[in-house]
Amino acid sequence: MLNFKKVEDLQQYLEDVKQKRRSIGFIPTMGALHDGHLSLIKRAKEETSCVVVCIFVNPTQFNDTADLDKYPRTIANDILQLTSVETDVLFFPDVEEVYPKGLNTKLELDFGQLATVMEGEFRPGHFDGMAQVVNRLLEIVKPNKLFMGQKDFQQAAIVRSMLKQTESNTELIICPIVREMDGLAMSSRNVRLTTENRKNAPKISKLLIELGTKIKRENFDKLKEEFAKEINSLPEFKLEYIDIVDGITLQSVDAYDDSDFIVVCIATWAGKIRLIDNYILKENQD
Ligand code: AMP
């Protein structure tokens, strides 16, 4: 695996890749890699011939500095994992490389409601920072395909809108959520859960699946209320939101027949750790 820290060096190498007409797959991450990240890399290996992974803990998408400070940084182990799945290129830049003009160079894109609901309401500024870094990294790498996880459903919806607004040639591929054996969605933050909270966390996915079985016959408000009650009954758990939304517009959906693509998205505190998860309730591909 090649390892670049400088934009210029990476771009020089990728120029050569493009000249040889090899396709580039790109996976932006914040490191602390787990099997969820590796699933994106494996998919990229299947679909493109040069797979570039970026590890960059992006300061502009953290609305809470304590969360940024405590974000796990495990580069030595990450490199082992990247090598194990035969990643072609690691890009591991410093902040100055990604933001040569400083952190305050905001994007002039409008995501409307996509960026104000759910995560947008509770993590102000988060999506501005996310879109800023993804846009900058795409500008650097110019990949044919960008691989992102359904785990961050709203993030993927915003990136889809960004690619459309910027008339980008990059294709977005959204990959399914990888879960632990007990159903907990894999996340770099899971290692920070207390033993007791880790034990209770799989209840989230169990309740999401259960909600899915009732979706055709029960009132959505009632389902959301029941979910909240169950989560809030777990010690130290506090549900931040549950919303049942259209998978493209992220507008709330009130009934099963109101959309062809319905997703339930949640965020909950488990002690001091914030967990997000989602589950696709309906997806008509035609
Ligand atoms: P992060 O390092 O958390 O910024 O995540 C980098 C990419 O990995 C994002 O596109 C995430 O959606 C994706 N990802 C994170 N966790 C999972 C998971 N459990 N399953 C699939 N993809 C994931």
Side-chain angles (χ1 to χ4, degrees), residues 25-48 51-64 67-68 70-75 77-79 81-82 85 87 90-93 98 118-119 123 126-138 141 143 145-163 170-193 198 201-202 204-205 208 247 250 263 265-267 270 273-280:
F26 181 49
I27 299 121
T29 80
M30 297 204 298
L33 301 181
H34 50 66
D35 284 352
H37 297 111
L38 298 191
S39 75
L40 307 186
I41 300 171
K42 287 177 191 160
R43 177 80 179 266
K45 293 283 294 178
E46 282 166 22
E47 296 196 20
T48 55
V51 174
V52 180
V53 174
C54 177
I55 295 182
F56 179 63
V57 182
N58 174 36
T60 70
Q61 73 188 64
F62 285 82
N63 50 323
D64 173 1
D67 193 27
L68 171 62
K70 291 203 183 115
Y71 201 84
R73 288 162 173 86
T74 57
I75 189 64
N77 188 47
D78 289 350
I79 288 175
Q81 299 217 53
L82 290 173
V85 288
T87 304
L90 166 64
F91 181 44
F92 181 50
V98 177
M118 301 192 290
E119 292 298 289
R123 301 185 68 192
H126 167 65
F127 286 127
D128 289 337
M130 182 282 293
Q132 179 192 21
V133 78
V134 173
N135 188 63
R136 168 73 177 132
L137 293 172
L138 290 177
V141 178
K145 294 189 183 187
L146 168 65
F147 297 85
M148 300 189 91
Q150 181 206 318
K151 163 83 183 357
D152 297 273
F153 194 87
Q154 192 170 3
Q155 166 172 290
I158 290 173
V159 170
R160 186 190 293 120
S161 162
M162 182 174 83
L163 294 174
T170 298
E171 183 187 350
L172 175 63
I173 310 284
I174 299 175
C175 306
I177 303 176
V178 176
R179 297 179 179 279
E180 300 287 355
M181 295 283 276
D182 57 16
L184 176 64
M186 288 192 182
S187 162
S188 308
R189 289 187 174 86
N190 291 351
V191 292
R192 292 173 54 209
L193 290 167
R198 174 65 189 83
I204 301 168
S205 59
L208 289 174
L250 305 188
V263 188
C265 300
I266 72 103
I273 307 305
R274 190 172 180 279
L275 301 173
I276 58 170
D277 202 347
N278 66 78
Y279 184 65
I280 295 177

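Note that ligands are numbered from 1 as they come in the structure, with each ligand's atoms numbered from 1 the same way.
Using 4.0 Å as the threshold, Ala32 has no heavy atom nearer than that to any atom of ligand 1. Taking 4.0 Å as the cut-off, Arg179 does not count as a neighbour of ligand 1 on heavy-atom distance.
Taking the side chain as every heavy atom from C-beta outward, Thr29 and Asp78 never approach each other to under 4.5 Å. Inter-residue side-chain proximity for Met130 and Met162 is flagged as unmet; no heavy-atom pair is nearer than 4.5 Å. Side-chain contact check for Arg43 versus Ile27: every heavy-atom pair is 4.5 Å or farther apart. Side-chain contact between Leu184 and Ser205 is absent, with no heavy-atom pair separated by less than 4.5 Å. Within the 4.5 Å cutoff, the side chain of Gln81 has no heavy atoms near those of the Ile41 side chain. At least one side-chain heavy atom of Val159 sits under 4.5 Å from a side-chain heavy atom of Met148. Residues His37 and Ser188 are in side-chain contact: their nearest non-hydrogen atoms beyond the backbone lie under 4.5 Å apart. Using a 4.5 Å heavy-atom cutoff, the side chains of Leu275 and Asn190 are in contact.
The protein heavy atom nearest to atom 16 (N) of ligand 1 is His34 CE1, 3.3 Å. The protein atom (non-hydrogen) at minimum distance from atom 3 (O) of ligand 1 is Tyr71 OH, 3.8 Å. What sits closest to atom 12 (O) of ligand 1 on the protein, heavy atoms only, is Asp152 OD2, 2.7 Å. Distance from atom 5 (O) of ligand 1 to its nearest protein heavy atom, with residue and atom name: His37 NE2, 3.4 Å.
Nearest to atom 17 (C) of ligand 1 by heavy-atom distance, out of Gln155, Lys151, Glu180, Arg189, is Lys151. Among Gly149, Ala156, Ser188, the residue whose heavy atom sits closest to atom 10 (O) of ligand 1 is Gly149. Looking at Asn190, Ile174, Val178 and measuring to atom 20 (N) of ligand 1, the nearest heavy atom belongs to Val178.
Those atoms of ligand 1 that come under 4.0 Å of a heavy atom in Leu40, given as number and element, are 7 (C), 8 (O), 10 (O), 13 (C). Listed by number with element, the atoms of ligand 1 under 4.0 angstrom from any heavy atom of Pro176 are 20 (N), 21 (C). Close contacts between ligand 1 and Met148 involve ligand atoms 10 (O) [criterion: under 4.0 Å to a heavy atom]. Atoms of ligand 1 lying under 4.0 Å from any heavy atom of Met30, numbered from 1 in the order shown and given with element: 1 (P), 2 (O), 4 (O). Close contacts between ligand 1 and Pro28 involve ligand atoms 6 (C), 7 (C) [criterion: under 4.0 Å to a heavy atom].
Taking the charged nitrogens against the carboxylate oxygens, Lys70 and Asp64 have no contact shorter than 4.0 Å, which rules out a salt bridge.
Among the atoms of Phe147, none of the N or O lies under 3.5 angstrom from an N or O of ligand 1. Every N/O-N/O distance between Gly31 and ligand 1 stays at or above 3.5 Å.
Looking at Asp35, its side chain never comes within 3.5 Å of a backbone N or O of Met186 through a donor-acceptor pair. With Arg136 contributing its side chain and Val98 its backbone, the two residues share a donor-acceptor pair below 3.5 Å.
For Cys175, no heavy-atom contact with ligand 1 is shorter than 4.0 Å.
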